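Each remark here refers to the structure printed beneath this line.
In what follows, every chain begins at residue 1, and chains take the letters A, B, ... in the order their sequences are listed. Remember, predicted model here, so these are calculated numbers, not experimental data. The analysis underlying the following values was restricted to heavy atoms, covering all of them including side chains, and did not include hydrogens, waters or symmetry mates.
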2 protein chains.
Amino acid sequence: MPATSGQRDGPGAATLKHVAARAGVSPITVSRALNKPAMVSADLRDRVRRAVDELGYVQNRVAGALASAESRVIPVVVPSLSNAVFVETIQGIQEVVQRAGFQLLLGNTEYDLDREHGWIATFLGWSPPGLIVAGTRHQPRTRALLERWGRPVVEIMEVGSRSIDMNVGLSHAAAGAAMARHLLARGHADILFAGCRLDQDYRAGQRFRGFDRALAECGAARRRPLTRDVPSSPALGGDMLVAALRLDPPPRAIFYANDDLAVGAILRAQRDGIAVPDRVAIAGFNGLDISGLVTPGLTTIASPRLAIGRIGAEKLLGAIARDTPGPRRVDVGFELVVRGST
Amino acid sequence: MPATSGQRDGPGAATLKHVAARAGVSPITVSRALNKPAMVSADLRDRVRRAVDELGYVQNRVAGALASAESRVIPVVVPSLSNAVFVETIQGIQEVVQRAGFQLLLGNTEYDLDREHGWIATFLGWSPPGLIVAGTRHQPRTRALLERWGRPVVEIMEVGSRSIDMNVGLSHAAAGAAMARHLLARGHADILFAGCRLDQDYRAGQRFRGFDRALAECGAARRRPLTRDVPSSPALGGDMLVAALRLDPPPRAIFYANDDLAVGAILRAQRDGIAVPDRVAIAGFNGLDISGLVTPGLTTIASPRLAIGRIGAEKLLGAIARDTPGPRRVDVGFELVVRGST
DNA sequence: AGATCCATTGATTGCGCAATCATGATCTCG
DNA sequence: CGAGATCATGATTGCGCAATCAATGGATCT
């Protein structure tokens, strides 16, 4: 850009140089006073602080990031914001990175791997020190891009065998199998799996496959899953309950892909006078708070969502700081929470 | 930075220059082909596209932002991510800005105005074209900073009389008053307001004040609100119900500051056999999906959270594009949803 | 006393891109 | 048919900062 640029930030937005002049030091000293205060004497630090306050100086992070080839933003790419699971995970990430002075850049793929690639490519252009992405399934070009990139990447939510760099999550197949075994142990034969968009939400699909495989291993009856091609919601869970009971023969238990659906089913059962678990047992997945408050209490699998976010963020920050590497894969596990609904 | 910098993005990360050399054009033509394709002939556009693909070029957005003094990120500052209200609002914002090719930079103040100032100052350093912040209450220095900044700012959630630039939300005092009038009209005298941290969540405080003033205007009995100094949750709503009924005399109706609490109260009432609304009526605020699914249905005030996010984002983008200004303040209103719990 | 060190501070340079201005090529129209 | 207009492309420059290297001064040691 030549002599005169368009509108810079406000008229006369102060720069390092102005602060330096005011404080009677060189610009680089101001830079150090702000970014690495330990390197500067207390006297100058104070003078700089004062000049900063007087001028209302706001650091230009864009320039800093360009000069150092690294910014203080952490991109987080998730498939959805309507799902409480991702929101809570983001919350865990946010807590940790915010405390370390990083900012969170958010991308929503809406379960579209093309869009995922787009976000990741865009985000790399911000020179972030690392990146967090939900899932271990990506397009080959996305994988290649991240591998070539060479900075830390954490894939969260499910554990996968072929992660790009670091990986924090749980085995959804194992969780599905655990629920199958629980329901069978309780004497509920003929179990129906019910969920939404299992192709997009492939982790729900993994839960189904783990569940189905466990049924097969136990020699139990298997059913085709009941699915809907709209997002999960409590109201839909209730509708799916009604639909399931109209099947011939009706299932004796329903394993919902998530607690939103399952809680809706419990509320609907209560309203319609459907006996749970006597007529039909109901189970969910996630361990939302509300699952323990409905009547009967919902049997579910608690997934440590906040922990996934926190641990993922901590591993990323550790790798950025080039700390002790630690394990590259963390399986945070899950917990079967048995309540009255089964 | 002199000759050799530290680790730039990967070894041999391509830059505009490399792409330009490969495509046999000047760097600026590549820049235009990518950012303003209409300005470049189809022939060159194709050659550039091909060179970009072959080199795996990823635009450096930091450099672009520095050169043009404007980035494509929209900072959003909210007080909490544990509250579904802010999450849904963010979702609305995200939808809109994402479609327009902007990225969302997220800051969480945890209801702390010092922290709010910190985030906003930091975010201005990213040269964003505009900014969205929840609330119209800020520290004077924050106000001053944003006013001096001179780019579009949207304050969301509540409508306020003294907004910095643009403002989208609803009147929480009017909502509280509407609920007071509804409860009185239903014959529920002696109403208790129950909420958490009304000083921090000052919008809940505004609902209380509107409610209390309406009671006074109607000559109804007024009570000191029941409060707790922990975050809202359904379980807590149940506990507060029990606590409220132990008061002497017990209230005949409870207006909860939000649906999380109120839904928890309904579920607890059901479990403990407390008759709603006969022994005590229950009302909430927000209009969460689940409020319509519990038994009895929860009377609540639906706030258009997604719409607040969308409209806020649209107004911001409009101002950034210097479109028709439109009104600087939008009151999205609210809807009283009457169900069985009152 | 001279040598050596560490702790502070400063001077120079370039990160990668887009804004501006300049230029040549093509078009329009009396 | 030529002057001006329009379009596509290129050359130059600097955005604001931090990395590198250099210089200074005082403390410590032999």
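Spacing between atom CG of A/Leu66 and atom C1' of C/dA18 amounts to 12 Å, rounded to whole angstrom units. Taking atom CH2 of A/Trp126 as the reference point, atom P of C/dC17 lies 13 Å away to the nearest angstrom. In this structure, A/Lys36 atom NZ and C/dT9 atom P are separated by 15 Å, rounded to whole Å. For the pair B/Asp43 CG and D/dC7 C1', the interatomic distance rounds to 15 Å; values are reported in whole Å. Atom-to-atom, CG of B/Leu34 to C1' of C/dC17 comes out at 11 Å; the value is rounded to the nearest Å. To the nearest angstrom, P of C/dA19 lies 8 Å from CG of B/Asn35. Here the C1' atom of nucleotide D/dA18 and the CZ atom of A/Arg61 are 14 Å apart, to the nearest Å. Atom CE in B/Met39 sits about 11 Å away from atom C1' in C/dT20, given to the nearest Å.
Among the nucleotides D/dT9, D/dA18, C/dC17, the one closest to the side chain of A/Leu16 is D/dA18.
OP1 and OP2 of D/dC7 both lie 4.0 Å or more from every side-chain N or O belonging to B/Ser41. A close approach under 4.0 Å does not occur between any side-chain nitrogen or oxygen of B/Asn60 and OP1 or OP2 of C/dC15. Between D/dG14 and A/Lys17, no contact under 4.0 Å exists linking OP1 or OP2 to a side-chain N or O. Close to D/dG16, at under 4.0 Å from its OP1 or OP2, lies no side-chain N or O of A/Tyr57.
Evaluation of the side chain to side chain contact (heavy atoms under 4.5 Å, CB included) rule for A/Arg329 yields A/Val159, A/Ser163, A/Asn167 as partners, not counting sequence neighbours.
In this structure, B/Glu147 CD and B/Thr142 OG1 are separated by 11.0 Å, a value rounded to the nearest 0.5 Å. Annotation: the span from A/Glu95 atom CD to A/Ile90 atom CD1 amounts to 13.0 Å, rounded to 0.5 Å. Summarising the geometry, atom CH2 belonging to B/Trp126 is positioned 8.0 Å from atom CG belonging to B/Leu105; distances are rounded to the nearest 0.5 Å.
Near DNA chain D, meaning a heavy atom under 4.0 Å away, the residues from residues 24-32 of chain A are A/Ile28, A/Ser31.
B/Val40 comes within contact range of the sugar-phosphate backbone alone, with a heavy-atom separation under 4.0 Å but no base atom that close.
By the 4.0 Å N-to-carboxylate-O rule, A/Asp43 lies close enough to A/Arg47 to be salt-bridged with it. A salt bridge is defined here as a Lys NZ or Arg NE, NH1 or NH2 lying under 4.0 Å from an Asp or Glu carboxylate O, and B/Asp114 with B/Arg141 meets this definition.
Of the possible polar contacts, one joining the A/Arg45 side chain to the A/Pro37 backbone as a donor-acceptor pair under 3.5 Å is found.
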